[in-house]
Amino acid sequence: MTQQEAIHRRNGALHIEGVSAASLAETHSTPLYVYSLGALTGAWDAWMAGVAASANPNVKVHVAVKANSNLGVLSLFARLGAGFDIVSGGELRRVLAAGGKASDVVFSGVGKTDAEMSEALQAGVKCFNVESIPELSRLNQAASELGLKAPVALRINPDVDAHTHAYNTTGKKGNKFGIDYGDARAAYAVAAKMGNLQVCGVDCHIGSGITDTAPFIAAADRVLDLVDILEADGIPIAHIDLGGGLGIDYGEGDAPPPTPEFVKTILNHVHRRGPRNVWFEPGRSLTAAAGVLLTKVEYLKPGPVGGKNFCIVDAAMNDLARPAVYGAFHRIEAAQDRAGEAEVYDVVGPVCESGDWLGRARELNVQVGDLLAVRDTGAYSFVMSSNYNTRPRAMEVIVDGDTVHVVRKRETVQQLLAMESVLP
Ligand SMILES: *Cc1c(COP(=O)(O)O)cnc(C)c1O
């Protein structure tokens with residue numbers, strides 16, 4: 001199912017599959033994250049369609065858990081046959097709790113601790129994406145203490161510009177991520193000599209929210225150039241991992257190519273240089289478009305003459321941080337059409353920060369008590385939420401046709417306070 005099929009309007013009322021936004025809000029209250037099972041599945045199918053249309057059948061797609069780590073969402077991807085890309089020990093536990101297999105897990109991240117390495121080694125993850133020589137030494141030590149061999153790929157920094165948000169670009173020189181391209185050959189020589197490591201691949205991840213295929217092609221070429229050198233050095237490379245990073249169309253102009261075309265283009269490009277096992281780690285492109293954040297209008301605050309009007313809603317930057325953190329754009333629409341004129345509003349939350357906004361200068365025809373939907377909030381949305389201002393985190397549901405599955409209960413203030421204590 002496409003996003004348009006899954007999240008649609010019927011008689012002026014927003015629906016997620018067979019269920020109206022209004023009935024979801026009435027039953028479960030707001031702020032409420034709603035994910036369409038059909039849209040999540042459709043995004044996965046689009047990746048698989050690209051693989052099937054390409055010349056290369058040896059592809060494994062790992063869902064980047066950090067984009068949406070809800071157990072319900074992860075359990076769906078596990079059933080669809082996905083692998084998983086994790087960046088913490090906590091995410092490993094989530095994958096296992098959701099029914100994923102450690103042997104399908106790739107462990108990424110620049111700051112893995114000893115405890116996380118040991119846990120992942122004992123669980124039997126299939127590859128560690130290592131980002132520095134000190135990390136190689138630590139992993140070798142952790143593996144030797146357990147009498148194991150750690151499978152490793154080095155995350156190399158291909159030094160390509162992904163033309164995305166500065167916080168989201170990871171493959172340029174001077175970035176905290178990865179091993180500098182010029183140092184990669186020497187780092188592999190070090191890894192190959194360590195007794196408790198098994199070199200298996202080359203990894204890269206150039207950024208997030210990328211809407212253009214060219215930087216991925218450039219990165220793949222850099223990776224393949226390195227593979228040629230390494231294999232000539234006598235270090236066989238079983239797979240290349242091209243990371244995640246494919247963006248979505250948030251509706252502000254920049255749209256990526258359709259996923260199947262994107263996947264096929266990259267795979268065919270790689271294949272022209274020889275058969276390779278290719279791994280990917282997409283997050284955003286699998287989950288973002290499947291989600292909406294439902295929020296209620298609490299107040300309409302007219303501005304002074306010539307000033308801004310504010311639409312104050314019950315979701316805030318603690319629920320959805322992307323606008324505050326990245327200046328990110330999300331479409332916002334009223335869940336029910338109304339007769340009358342639209343006004344221009346800044347849509348803001350109740351948190352005591354001027355950075356607490358969800359959308360600026362939006363045309364909305366709403367009244368107090370109406371429901372708004374913040375679109376494309378299936379990735380980097382709930383997962384980045386916090387309890388700032390002692391706001392319990394939102395609830396999450398997955399809609400499948402006419403059925404609503406509660407996949408995260410609404411947090412209570414009592415639960416928040418239970419973590420703390422007053423002084424004796
Ligand atoms: C965040 C991340 C991803 C997923 O990125 P998307 O832009 O969501 O596809 C994949 N791999 C690594 C190492 C990451 O840090």
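In each ligand, atom 1 is the first atom listed, and ligand 1 is the first ligand listed. All heavy atoms count here, side chains included; hydrogens, waters and symmetry mates do not.
For atom 7 (O) of ligand 1, the nearest non-hydrogen atom of the protein is Ser208 OG, 2.4 Å. Annotation: atom 15 (O) of ligand 1 to nearest protein heavy atom, Lys66 NZ, 2.7 Å. The single protein non-hydrogen atom nearest to atom 11 (N) of ligand 1 is Glu281 OE1, 2.6 Å, given as residue, atom name and distance.
Look at Arg155 and Asp241 and you find no salt bridge, because none of the NZ, NE, NH1 or NH2 atoms lies under 4.0 Å from a carboxylate O. Using a cut-off of 4.0 Å between Lys/Arg side-chain N and Asp/Glu carboxylate O, Arg331 and Glu252 are scored as not salt-bridged.
If you look at Asp85 next to ligand 1, the close heavy atoms, those under 4.0 Å, all belong to the side chain. Residue His205 touches ligand 1 through its side chain alone, judged by heavy-atom distances below 4.0 Å.
Side-chain polar atoms of Glu363 and Tyr345 form no donor-acceptor pair below 3.5 angstrom. Counting only N and O atoms by type, the side chains of Thr295 and Asp314 include a donor and acceptor under 3.5 Å apart.
With hydrogens and angles disregarded, no donor-acceptor distance shorter than 3.5 Å links the side chain of Lys409 to the backbone of Val406.
Pairs of residues two or more places apart, or lying in two chains, that qualify as ring pair (Phe, Tyr, Trp, His ring centres under 6.0 Å) and include a residue from residues 239-261 are His239-Trp279, Tyr250-His330. Within the structure, the side-chain hydrogen bond (donor to acceptor under 3.5 Å, both in side chains) test picks out the following pairs touching residues 76-95 (sequence neighbours left out): Asp85-Ser108, Arg93-Glu119.
Contact atoms of ligand 1 toward Arg155: 13 (C) (distance under 4.0 Å to a heavy atom of the residue). Applying the 4.0 Å criterion to heavy atoms of Ser108 picks out, from ligand 1, the atoms 13 (C). Applying the 4.0 Å criterion to heavy atoms of Pro282 picks out, from ligand 1, the atoms 9 (O). Applying the 4.0 Å criterion to heavy atoms of Gly244 picks out, from ligand 1, the atoms 9 (O), 10 (C). Within the listing of ligand 1, atoms 1 (C), 4 (C), 5 (O), 6 (P), 8 (O) sit less than 4.0 angstrom from a heavy atom of Tyr380. Near Arg284, meaning under 4.0 Å from one of its heavy atoms, ligand 1 places the atoms 6 (P), 8 (O), 9 (O).
Taking 4.0 Å as the cut-off, Gly245 counts as a neighbour of ligand 1 on heavy-atom distance.
In this structure, Phe216 has its ring center closer than 6.0 angstrom to the ring center of Phe262.
Inclusion of Ser285 in the set of residues having an N or O under 3.5 Å from an N or O of ligand 1 is not warranted. Considering backbone and side-chain N/O of Gly283, one or more are found under 3.5 Å from N/O of ligand 1.
Side-chain atoms of Asp114 and Arg138, non-hydrogen and from C-beta on, do get closer than 4.5 Å to each other.
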